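Have a look at the structure below before the remarks.
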Amino acid sequence: MSLRLYDTATRAVRDFVSREPGKVGMYVCGLTVQGAPHIGHMRSYVSFDVLRRWLAYRGHEVTHVRNVTDIDDKVLAKSVQTGQPWWAIGYANERLLEQASATLGCLDPTCEPRATGHVPQMLALIDRLIERGHAYAAGPGDVYFDVASYRDYGALSNRRLEDMQPAEDNLGVDGKRDPRDFALWKAVKPDEPADAYWQTPWGRGRPGWHLECSAMAHRYLGEEFDIHGGGLDLVFPHHENEIAQSKAAGYGFARYWMHNGMLNLAGGKMSKSDGNVIDLPTLLASFRPVEIRAFLATPHYRSTVEFSEELLGEAASAYRRIEGFVQRAIERFGATDTAPTQGALCADFLAAMDDDLNTSKAMASIHEVVREGNSALSEDDDAAARSTAASVRAMLGVLGLDPVDHAAEGGPGDDLRVAVDALVRMVLEQRDAARARKDWATADALRDQLKRSGVLIEDTPHGPRWTLADGSA
RNA sequence: GGCGGGAUGGCCGAGUGGCUUAGGCAAGGGCCUGCAAAGCCCUGUACGCGGGUUCGAUUCCCGCUCCCGCCUCCA
């Protein structure tokens with residue numbers, strides 16, 4: 001069985017065949033760095049990180065390009081509003097984003113180009129579009145894409161040009177020939193920061209939204225590449241416009257279009273403009289990064305996900321069941337003996353992932369293997385326990401959820417682990433002594449005391465073990 | 001109004017024309033344990049409403065209701 005992916009452009013699941021055997025070029029829309037990222041953004045990052053890891057597992061060398069759009073209307077508006085330089089705002093938010101991405105265990109992209117660093121490529125593209133009759137300069141600094149000149153406009157988002165009836169408020173005012181035309185290049189405006197422009201043959205201005213992605217995808221992945229991804233809310237107009245720009249310029253552009261579903265809060269899309277936003281630092285007060293990642297990675301990437309702390313808590317509990325097994329196996333055999341091995345993925349998992357990244361089903365198969373592993377562990381079937389642990393770790397690894405990879409990231413109070421461990425051991429020695437003389441009252445009192453301090457004790461045939469009540473082990 | 005997605009057992013969430021009808025969380029019972037915890041075993045018969053096709057539909061078709069997204073900035 002081979003990998004099949006849902007392609008937005010054809011609205012169907014298709015066999016994935018890369019342009020070049022063994023290589024995949026993938027462009028994923030990152031963010032416009034106008035504000036701090038929220039977990040809805042992170043869902044997109046995690047979704048495409050899973051895709052990238054799966055492509056790699058399936059033997060592809062992946063070139064993963066993810067853009068940072070560091071200049072646009074909102075960044076400039078914010079600059080005027082706060083008095084901060086627009087480039088400082090963008091950079092600050094870019095760093096928050098980078099941090100959030102790393103915290104959730106997303107692999108770094110191969111390249112993360114910024115819009116402002118690719119103005120020459122954008123100008124070249126505009127030039128080419130004007131030459132081919134698909135774009136026109138409308139006034140000093142303004143260049144528009146002529147939507148009517150591109151026959152397939154609307155093909156991706158499945159809408160017809162005549163169905164699009166944008167407000168005709170500024171028809172003629174800004175020099176547009178058709179209200180549906182979109183800006184490739186925008187003229188400097190008096191109420192925007194004075195240093196936000198480039199000199200061009202069409203006048204002073206700055207990039208319009210959409211242009212940077214066409215230019216940068218071309219720069220790093222070539223005229224045609226395999227996968228273009230992003231959030232479902234980018235299908236129109238952003239991706240539709242990217243296609244128009246790139247194809248009208250004569251390039252093949254993306255062969256598969258993939259879009260992740262939205263993250264909802266209280267029934268509606270989590271969105272900065274609606275103000276219903278939760279960011280990662282807020283959640284880190286109560287949950288570990290790996291638990292948040294498990295929450296984001298378990299539902300199918302195309303489904304809408306409802307966010308709530310309760311739901312996140314459920315996902316965390318489910319993850320802890322798996323993690324508990326891996327930890328017990330590692331305590332017994334060591335991390336090396338349970339190291340994930342290539343080819344250790346079970347057939348159900350493999351089939352689920354190949355089927356348009358069905359992570360829900362894939363997680364179900366991990367849970368089944370965990371059950372086998374737990375049984376092997378309690379029956380002291382070391383060989384079986386070892387191999388199931390290696391298998392579970394391999395499968396988790398593909399999802400970016402191997403507990404060992406996340407061990408260093410730390411949960412609340414993690415810096416005190418060594419000290420806590422020493423103290424708990426002292427208490428456990430006393431408790432062992434009490435148990436040895438069958439003084440159950442004393443033994444239980446010690447255990448209860450630890451529990452009140454957030455330390456959970458479990459007696460196993462191989463001695464007592466402790467974990468923290470919040471799940472960080 | 002146009003386009004698209006969705007409604008599954010207490011909750012989350014896969015999936016399928018009929019088969020042992022995922023998996024998890026929570027709950028109850030059991031095993032294990034000095035008692036616990038963890039783990040394992042068992043239990044819970046669900047597919048929004050109304051029609052239709054079919055020997056048989058949660059799964060296919062039609063209609064309806066409700067929800068969500070896009071159509072303006074948006075991961």
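Hydrogens, waters and symmetry mates are skipped; everything else that's a heavy atom, side chains included, is used. In this text, all values refer to a predicted model and were calculated from it rather than measured experimentally. Proteins come first, then strands; the chains are lettered A, B, ... in the order of their sequence lines, and each starts at number 1.
- Of the P atoms belonging to B:rG10 and B:rG69, the separation is 27 Å, rounded to the nearest Å.
- Here, B:rC47 and B:rC60 have their P atoms 16 Å apart, quoted to the whole Å.
- In the set B:rG15, B:rC25, B:rC70, the nucleotide with an atom closest to the side chain of A:Asp233 is B:rC70.
- Residue contacts shown for A:Gly230 are limited to sugar-phosphate atoms, with no base heavy atom under 4.0 Å away.
- Checking A:Asn374 against A:Arg321 by side-chain atom types alone, no donor-acceptor pair falls below 3.5 Å.
- The A:Lys361 side chain lies nearest to B:rA14 when the options are B:rA14, B:rA75, B:rC71.
- Residue A:Asn260 is classed as a base contact, given a heavy-atom separation below 4.0 Å to a base.
- Rounded to whole Å, the distance from CZ on A:Arg328 to P on B:rA37 is 14 Å.
- Residue-level contact check: A:Ser273 touches the bases, meaning some heavy atom is under 4.0 Å from a base atom.
- Distance check on atom C1': B:rA75 versus B:rU21 gives 36 Å, rounded to whole Å.
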Given salt bridge (charged side-chain N to carboxylate O under 4.0 Å, His left out), test A:Asp233 with A:Lys269 step by step and report yes or no.
CA-CA 10 Å; A:Asp233 52 358; A:Lys269 184 177 115 178; 3.1 Å; yes
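- Taking 4.0 angstrom as the limit, A:Lys269 places a side-chain polar atom (N or O) nearer than this to OP1 or OP2 of B:rC70.
- Among the protein residues, A:Arg332 comes within range of no part of the nucleic acid, since none of its heavy atoms lies under 4.0 Å from any strand.
- At a cut-off of 3.5 angstrom, the base of B:rG24 holds at least one donor-acceptor pair with the side chain of A:Glu314.
- Side-chain N/O atoms of A:Arg302 and base N/O atoms of B:rG5 include no donor-acceptor pair closer than 3.5 Å.
- A:Leu377 comes within 4.0 angstrom of no nucleic acid atom, judged by non-hydrogen atoms across all strands.
- To the nearest 0.5 angstrom, A:Ser317 atom OG is 8.0 Å from A:Glu291 atom CD.
- The side-chain ring of A:Tyr45 is not stacked on the base of B:rA75, judged by centre separation under 5.5 angstrom and plane angle under 30 degrees.
- A cation-pi contact, defined as under 6.0 Å to the ring centre and within 45° of the axis, is absent between A:Arg66 and A:Tyr27.
- Within 4.0 Å of A:Ser47, counting heavy atoms only, lies no atom of the nucleic acid at all.
- Taking 4.0 Å as the cut-off between side-chain N and carboxylate O, A:Asp178 and A:Arg180 count as a salt-bridged pair.
- Across the C1' atoms, B:rU16 and B:rU59 are found 6 Å apart, a figure rounded to whole Å.
- Taking atom P on both B:rU20 and B:rG9, the two are 22 Å apart, rounded to the nearest angstrom.
- Among the atoms of the strands shown, none is found under 4.0 Å from any heavy atom of A:Gly229.
- Heavy-atom contacts from other residues, nucleotides or ligands closer than 6.0 Å to CZ of A:Phe236 number more than 12.
- Regarding A:Asp348, its CG atom lies at a distance of 14 Å from the P atom of B:rG15, rounded to whole Å.
- Atoms CG (A:Leu450) and P (B:rC35) sit 20 Å apart, rounded to a whole Å.
- Between A:Asn374 and B:rC40 there is a side-chain N or O to OP1 or OP2 distance below 4.0 Å.
- Backbone-only engagement by A:Asn358 is indicated by non-hydrogen atom pairs under 4.0 Å involving sugar-phosphate atoms exclusively.
- Put simply, A:His367 has no side-chain N or O that comes within less than 4.0 Å of OP1 or OP2 on B:rG23.
- Taking the nucleotide of RNA chain B with the nearest heavy atom to each of A:Trp440 and A:Leu311, the more 5' of the two is matched to A:Leu311.
- Closest to the side chain of A:Arg159, out of B:rA22, B:rC70, B:rA75, is B:rC70.
- Backbone-only engagement by A:Glu368 is indicated by non-hydrogen atom pairs under 4.0 Å involving sugar-phosphate atoms exclusively.
- Near RNA chain B, meaning a heavy atom under 4.0 Å away, the residues from residues 68-77 of chain A are A:Lys74.
- For a distance-only test at 3.5 Å, the side chain of A:Arg321 fails to qualify as a donor-acceptor partner of the base of B:rC25.
- With a cut-off of 3.5 Å on both Watson-Crick or G-U wobble distances, the partner of B:rC66 is given as B:rG6.
- For B:rG24, the OP1/OP2 oxygens have a side-chain nitrogen or oxygen of A:Arg371 closer than 4.0 Å.
- Taking the P atoms as reference points, B:rG63 lies 13 Å from B:rG4, given to the whole Å.
- Between A:Met42 and the choices A:Leu296, A:Thr103, A:Asp279, the side-chain contact (heavy atoms from CB on, under 4.5 Å) rule is met once, by A:Leu296.
- Between A:Ser303 and B:rA14 there is a side-chain N or O to OP1 or OP2 distance below 4.0 Å.
- Separating the C1' atom of B:rA26 from that of B:rC12 is a span of 10 Å, rounded to the nearest Å.
- If you check every strand for non-hydrogen atoms under 4.0 Å, A:Ile457 touches a base.
- A:Thr8 and A:His259 form a side-chain donor-acceptor contact under 3.5 Å, judged by distance and modelled atom types alone.
- For the 3.5 Å distance criterion, the side chains of A:Thr359 and A:Thr298 fail to qualify, holding no donor opposite an acceptor.
- Residue A:Gly268 is in sugar-phosphate contact alone, with no base atom involved, counting any heavy-atom pair closer than 4.0 Å across all strands shown.
- Heavy atoms of A:His300 sit under 4.0 angstrom from primed sugar atoms or phosphate atoms, though from no base atom.
- Among the protein residues, A:Arg160 comes within range of no part of the nucleic acid, since none of its heavy atoms lies under 4.0 Å from any strand.
- Listed by residue number, the members of residues 90-102 of chain A with any heavy atom below 4.0 angstrom from RNA chain B form an empty set.
- Under 3.5 Å, the side chain of A:Asn264 and the base of B:rC67 form no donor-acceptor pair of N or O atoms.
- Using a 4.0 Å heavy-atom distance criterion, A:Ala318 is classed as a sugar-phosphate-only contact.
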Could you check A:Trp86 against A:Asp70 for side-chain hydrogen bond (donor to acceptor under 3.5 Å, both in side chains), going step by step and ending with a plain yes or no?
CA-CA 9 Å; A:Trp86 59 271; A:Asp70 56 349; over 6 Å; no
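- Side-chain to base pairing of A:Arg43 with B:rA75: no donor and acceptor N or O lie closer than 3.5 Å to each other.
- Atom CG of A:Leu446 is separated from atom C1' of B:rC35 by 14 Å (rounded to the nearest Å).
- Residues A:Val80 and A:Asp191 form no side-chain contact, since every pair of their non-hydrogen atoms from C-beta on lies 4.5 Å or further apart.
- For the pair A:Arg302 and A:Tyr6, the cation-pi criterion (under 6.0 Å, within 45° of the ring axis) is fulfilled.
- Phosphate contact (OP1/OP2 of B:rC25, side-chain N/O of A:Arg320, threshold under 4.0 Å): absent.
- When only modelled atom types and interatomic distance are considered, A:Arg393 and A:Thr338 share a side-chain donor-acceptor pair under 3.5 Å.
- For the P atoms, the distance linking B:rC70 with B:rC64 amounts to 24 Å, nearest Å.
- Comparing A:Asp444 and A:Thr298 by the nucleotide of RNA chain B that holds the closest heavy atom to each, the one mapping nearer the 5' end is A:Thr298.
- The CD atom of A:Glu94 sits 4.0 Å away from the CZ atom of A:Arg114 when rounded to the nearest 0.5 Å.
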